[in-house]
There are 2 protein chains.
Amino acid sequence: MSQRPSIKDIARIAGVAPSTVSRALADSPRVSLATRERIQALARELDYTPSLAARSLVMGSSPVIGVISPTLSDPYIASVMKGLEEASHQAGYQRLVASTQGDAEREIEMVRMLLGHNVGGLIILSSRAQGAYQELLAQISEPIVFVNALHTGEHVYNVATDNEHGGWLATQHLLTQGHRRIAYLAGPTRGRSYVARAAGYRRALEEAGLSFERQLVIPGDGSIRAGREALHWWLNQPDEQRPTAFFCYNDLSALGLLSEAHQQGVNIPDDLSVMGFDNVPMAKISIPPLTTVEQRTHELGRLAVVSLLTALENKPVTDIFLRGELIVRASVKRMEE
Amino acid sequence: MSQRPSIKDIARIAGVAPSTVSRALADSPRVSLATRERIQALARELDYTPSLAARSLVMGSSPVIGVISPTLSDPYIASVMKGLEEASHQAGYQRLVASTQGDAEREIEMVRMLLGHNVGGLIILSSRAQGAYQELLAQISEPIVFVNALHTGEHVYNVATDNEHGGWLATQHLLTQGHRRIAYLAGPTRGRSYVARAAGYRRALEEAGLSFERQLVIPGDGSIRAGREALHWWLNQPDEQRPTAFFCYNDLSALGLLSEAHQQGVNIPDDLSVMGFDNVPMAKISIPPLTTVEQRTHELGRLAVVSLLTALENKPVTDIFLRGELIVRASVKRMEE
DNA sequence: GTGAAAGCGCTAACAG
DNA sequence: CTGTTAGCGCTTTCAC
């Protein structure tokens, strides 16, 4: 019917001052129980909803967390979001979510916009922005938590998977199973996590006395399609040079590889072993089930919120690194000597 | 360093009134080109970002679309989000996303909160709220678009898949392939789309002269797990009563069924045919690839935005129903006579 | 073409 | 305990 009622409307009807209404609704003890209850009842009756815009304007910030992510349609991101969502809801915070399609400029633009909404703080997933960013970060007084990217600054915090360790763990497992030629299917090269996983891969190789070979790194972007293409690359290698195993940047591309292998008549793991990364829900039900390194995504999301809220209370916050475990399933074969 | 500069700061430095700055930044022709450019340059230099909170307060609304969804970790939702995201970004709108975990009360709470942020309008995915909702809807003056749920009201619009048709199409295909006992693995019973797909299933059955059997509807919730459990139900049926095909509420549960079948040594499609719904990215790479009815998710998201923006311009908007096509892959077998 | 003033809905001193 | 006042950052009449 009429417009949404404001605190003034309530005040007029109740015959009190707007400030009294404000206090009553905030359950301030500075207003008598009687009027407090009377006003609250009235507010309920009128279907009053506070204008968060006005509130955030006067308070200078609002119980909203800005979240920025390169995409929303990736199962790894979805899972982080879920942890993030639950934790923030429990803490009484809403989320303003923006996605960047992996575009660094747009990421920066989104930071500005969200700040314009007076969000209390920001959580940025898999940031793709580099360099020039630092400058902006230095000017911001709201806390910012990066998930799986590493940035530094006054109010900047990090929650990340120990990707170097994960990459090492994955490669190490392949080596233990007797593999000697291990290809690495790469991820988005602008992302921090790709670089770290690649470093772990290389370290494991070198620790085993093998040398890192550039031509065993296949370009990719973490998509299903990248996995499929990787299989064709493999098919085209001459027999002696053909790797016996693939370590994939993520499960999604590993799953693509699995599917294409099946279609091309390549048996996994007998002809080729495949290792993923993330442990997305689908990894459990692929054929064969995918051996992978778990990423504690839910926890990543939850801890990002915890860190942000802690920072908001001006308590000290330290960077957090999470190590995932190796999940052994059926896509890696033990090689004969 | 200092706080974010406001329009006042710029005004002081430029030696003009705040209102002039406001106009200059809005590119109003009512301010001379010279000052306009001078102020815009200054704003850029000072790294000025408008307070959207303040702006939305005075304007009574903001270029933000509130989006409500039961979850963010479902690939179908993710895909709708993607369409939604692209379309809204292109139109210069941001999104305030909230999720409800499928809880109807929380859905209503979210509607209120988002409205408190002065969002320009709302898009609600797979609404789970019923009845009492109507009352609330009637009071709201902002446009609301429901995706895959049907609600009515003054400023209420719908964009939906023609689920009845889809259910019919799926079942019809199974019938054409010679199946006579077709089980239906159900979805969330509170959702509108479940009911419609079930109706299509029933209609196809009856058109073929078969009767709808209640005991062939297996309870489920559209999760991977529901699919797995359905397979066990099937395994426990006596031979003569065992269906030769499953029509699953969605791909996710169909995929779960596929996986469990493989593990239990049940051959799909030789022993059992499986039909999904949605055509999520994974459906293409499952083993065997999943026959399904496509849901034009991307389009659903895009059209939801278009409808909302059209309503915002006070132009007439009509409800939209999208029909997806049958995607024949390899999980359904043609039965011998 | 530019400035002064009012007000969006709310909270937070400061009075009484 | 309650009312009055001021102001958050911005847009928008209404004057000049």
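Each chain gets a letter, A, B and so on, in the order the sequences are listed, and its residues count up from 1. What's counted below: heavy atoms across the whole structure, side chains too, no hydrogens, waters or symmetry copies. Quick caveat: nothing in here was measured; it's all calculated off a predicted structure.
Rounded to a whole Å, the CG atom of B:Asp9 is 11 Å from the P atom of D:dC8. Rounded to a whole Å, the CZ atom of A:Arg4 is 12 Å from the C1' atom of C:dC8. C:dG1 atom P lies 14 Å from atom CD1 of B:Ile39, rounded to whole Å. If you measure from atom CG of B:Leu52 to atom C1' of D:dC8, you get 15 Å, rounded to the nearest angstrom. Computed from coordinates, the A:His117 NE2 to D:dG9 P distance equals 16 Å when rounded to whole Å. The distance from atom CG of A:Leu57 to atom P of C:dT11 is 11 Å, rounded to the nearest whole Å. Look at CG on A:Asn118: it is 9 Å from C1' on D:dG9, rounded to the nearest Å.
Here B:Tyr48 does not reach the OP1 or OP2 of D:dG9: none of its side-chain N or O atoms lies under 4.0 Å away.
Across A:Val156, A:Leu115, A:Val145, a single residue satisfies side chain to side chain contact (heavy atoms under 4.5 Å, CB included) together with A:Leu122, and that is A:Leu115.
Residue-level contact check: B:Ser22 touches the bases, meaning some heavy atom is under 4.0 Å from a base atom.
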Distances under 3.5 Å between protein N/O atoms and the N/O atoms of nucleotides 2-4 of chain D, please, pair by pair.
{"unit_1": "D:dT2", "atom_1": "OP2", "unit_2": "A:Ser32", "atom_2": "N", "d": "2.9"}
{"unit_1": "D:dT2", "atom_1": "OP2", "unit_2": "A:Ser32", "atom_2": "OG", "d": "3.4"}
{"unit_1": "D:dT2", "atom_1": "OP2", "unit_2": "A:Thr35", "atom_2": "OG1", "d": "2.9"}
{"unit_1": "D:dT2", "atom_1": "O4", "unit_2": "A:Arg30", "atom_2": "NH2", "d": "2.7"}
{"unit_1": "D:dG3", "atom_1": "OP2", "unit_2": "A:Ala17", "atom_2": "N", "d": "2.9"}
{"unit_1": "D:dG3", "atom_1": "OP2", "unit_2": "A:Thr20", "atom_2": "OG1", "d": "2.7"}
{"unit_1": "D:dG3", "atom_1": "N7", "unit_2": "A:Arg23", "atom_2": "NH2", "d": "2.8"}
{"unit_1": "D:dG3", "atom_1": "O6", "unit_2": "A:Arg23", "atom_2": "NH1", "d": "3.2"}
{"unit_1": "D:dG3", "atom_1": "O6", "unit_2": "A:Arg23", "atom_2": "NH2", "d": "3.3"}
{"unit_1": "D:dT4", "atom_1": "O4", "unit_2": "A:Ser19", "atom_2": "OG", "d": "3.1"}

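Contact of the B:Arg95 side chain with the A:Ser99 side chain is registered, since non-hydrogen atoms from C-beta on lie closer than 4.5 Å.
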